[in-house]
Number of protein chains: 2
Amino acid sequence: MPEQGPTEAGATQTVVAMAPIRAPKAADVLADDLRERILRGAFPPGTALPPERELVTQTHMSRTTVREALRILEVQGLVRIKTGRAGGAFVQTPGQESVASTVNLLIRGRQIRLAALLETREAIEPSCAQLAARYRTDEDLARLDAANVAIAADGSLAEFLQANVDWHMAVALASHNELLTGVMLALSRSIYSATDNQGFIDAMVRDVTVRAHTGVTNAIRAQDADAAVRRMKRHVHGYAEAVVEVESRTTIEMPVD
Amino acid sequence: MPEQGPTEAGATQTVVAMAPIRAPKAADVLADDLRERILRGAFPPGTALPPERELVTQTHMSRTTVREALRILEVQGLVRIKTGRAGGAFVQTPGQESVASTVNLLIRGRQIRLAALLETREAIEPSCAQLAARYRTDEDLARLDAANVAIAADGSLAEFLQANVDWHMAVALASHNELLTGVMLALSRSIYSATDNQGFIDAMVRDVTVRAHTGVTNAIRAQDADAAVRRMKRHVHGYAEAVVEVESRTTIEMPVD
DNA sequence: TGCTACTTTGGGTCGGACCAAACAATCAAC
DNA sequence: GTTGATTGTTTGGTCCGACCCAAAGTAGCA
């Protein structure tokens, strides 16, 4: 297969002096090709890629390889595969979900501590609030208000936490920035599950949370970016401190050294 | 397989009344299982999963299916597959690279405008600088200085831009926050390629950039978090404004409607 | 000792076959 | 004609078995 120059096979043996050579897997090549075309807009979202067997004849690859390539694109969120007649691989554009799931893998895989998550949220969310104040629509406000109502309601812990996540996501969505939204989605979920079974959410915390959220929401409604940043910063910082405080109280029980 | 209630099979024929049933793909099931085990730490990084043929006998699935599952994990960055003897699927933990590539797909797929990218950077990078001032090590400082030297050097445009990216990445790395680092990696690259062939990088811009970077670097060195935030904010904001200004100058040339 | 050549162990690719899901077309009954 | 069940076709999902290729070790030979 590899064409060798007419080198005089000298003293020892074949010294063709060829480049370090690459061994790209066929499926990757196909996937790269299709991915590039999709991203270039050759296949607008919603269009169906050719059926597998069709791609087989076109690419002269085996169906196994073609399927592997499609699978890669599916994992990357670039296509959605449906079965049955009129099925096939349909082009779509990756959204926040895909970012969120990757970030989640990072968080779980690297065992990122809760402190680091909170730190990250402190870094990102005030900016979300700022952008939200700048770009929020009436629909965004409706979502924020709905989440606030749900939080104030006297529900179970799980319901409270879920409403909490919903509100934070509403802020992120109001920023109309898909990157920040994706990261915040993953962050919120992880913080949710980390905070879940720590019983430090008492009535007072809930009350404080509701107040803080209301304050931020009002600032966003009034499009007061500075206030939104300030209040959000205070809110998430306060939350982080409370968590750390509770953690130290919980962790202190192990014997010294 | 589907348990049928003792329904009186009426007039026409079989009316088994079964639940909506789910049809999870075998490969996904395997992938989910392995992923969960990996994330739980059952297979520490570096360990090799059983060979494909071994998994076949264990799971009673076909090799095709097993391979598909492994492929999924590979795309998600949980496993690295090597060929040849002593090859196989080796567990690894996803890193910034994986986040960066996903974010890149989002940026390219959603055709996120340069303005939004710059906006996101304005949101995130000041916080990176803050954390960098807090946590920077000597090694981080060395990277920052090296990037600064490279920027000041009178190189080509490509070299300048690369050094620019390197410096921003050095800041992100100094924050010791893998999430932020991953996002910044993708952001920097995208901004790089978007800014590339716009000839608005003149000597003056380069000079301003060097000064700004030096200022931020010094703040990080002095562990002056406030100054780092302030200077970084000014820097990225100024950059964004410059880009917008150039863009309006460039775009104005199309005839009015 | 140092090289070559073989063997083993792994993934990579292929072709073919069959199953299951989902839609389409058709036909029968009203 | 409209409706409803039946049949058919398309398309992905799974399996099997075979073969190839690359890497790493091992034995043999000069």
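Order of the sequence lines sets the chain letters (A, B, ...), proteins ahead of strands, with each chain counted from 1. These numbers were taken from a predicted model, which means no experiment stands behind them. Computed from heavy atoms alone, side chains included, the values below leave out hydrogens, waters and symmetry copies.
- Atom-to-atom, CZ of B:Arg67 to P of C:dG10 comes out at 15 Å; the value is rounded to the nearest Å.
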Next item on the list: Apply salt bridge (Lys or Arg N to Asp or Glu O under 4.0 Å) to the pair A:Glu68 and A:Arg63, showing each step before the final yes or no.
Entry: CA-CA 8 Å; A:Glu68 222 176 287; A:Arg63 193 162 160 229; over 6 Å; no
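- Straight-line distance from the CZ atom of B:Phe90 to the C1' atom of C:dG11: 11 Å, rounded to whole Å.
- Looking only at side-chain heavy atoms (C-beta outward), A:Gln96 and A:Met184 stay at 4.5 Å or farther from each other.
- What separates CG of B:Leu55 from P of C:dG10 is a distance of 12 Å, to the nearest Å.
- Atom CZ of B:Arg80 is separated from atom C1' of C:dG11 by 14 Å (rounded to the nearest Å).
- One can place NE2 of A:His60 at 11 Å from P of C:dC14, the figure rounded to the nearest angstrom.
- Of the residues near DNA chain D, B:Arg53 and B:Glu68, the one whose nearest nucleotide (by heavy atom distance) lies more toward the 5' end is B:Glu68.
- Rounded to an integer number of Å, the gap from B:Glu54 CD to C:dT9 P is 13 Å.
- There is a side-chain donor-acceptor pair under 3.5 Å between A:Ser190 and A:Asn104.
- Checking B:Thr64 against A:Ala89, the closest nucleotide of DNA chain D that is more toward the 5' end is the one next to A:Ala89.
- Summarising the geometry, the separation between CG on A:Leu70 and P on D:dT11 is reported as 14 Å, rounded to the nearest angstrom.
- Judged by closest nucleotide on DNA chain C, B:Arg85 is the one of B:Arg85 and A:Val56 placed further toward the 5' end.
- Along DNA chain C, the nucleotide nearest to A:Ala86 and the one nearest to B:Lys82 differ in position, and the one closer to the 5' end is contacted by B:Lys82.
- Donor-acceptor pairing under 3.5 Å, judged by distance alone, is present between the side chain of A:Arg63 and the base of D:dG13.
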Item checked: Intermediate values then yes/no, side chain to side chain contact (heavy atoms under 4.5 Å, CB included), B:Leu144 and B:His213 -> CA-CA 9 Å; B:Leu144 284 166; B:His213 284 194; over 6 Å; no
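- Contact between the side-chain N/O atoms of A:Thr83 and the OP1/OP2 oxygens of C:dA21 is not found at any separation under 4.0 Å.
- Computed from coordinates, the A:Lys25 NZ to C:dC14 P distance equals 14 Å when rounded to whole Å.
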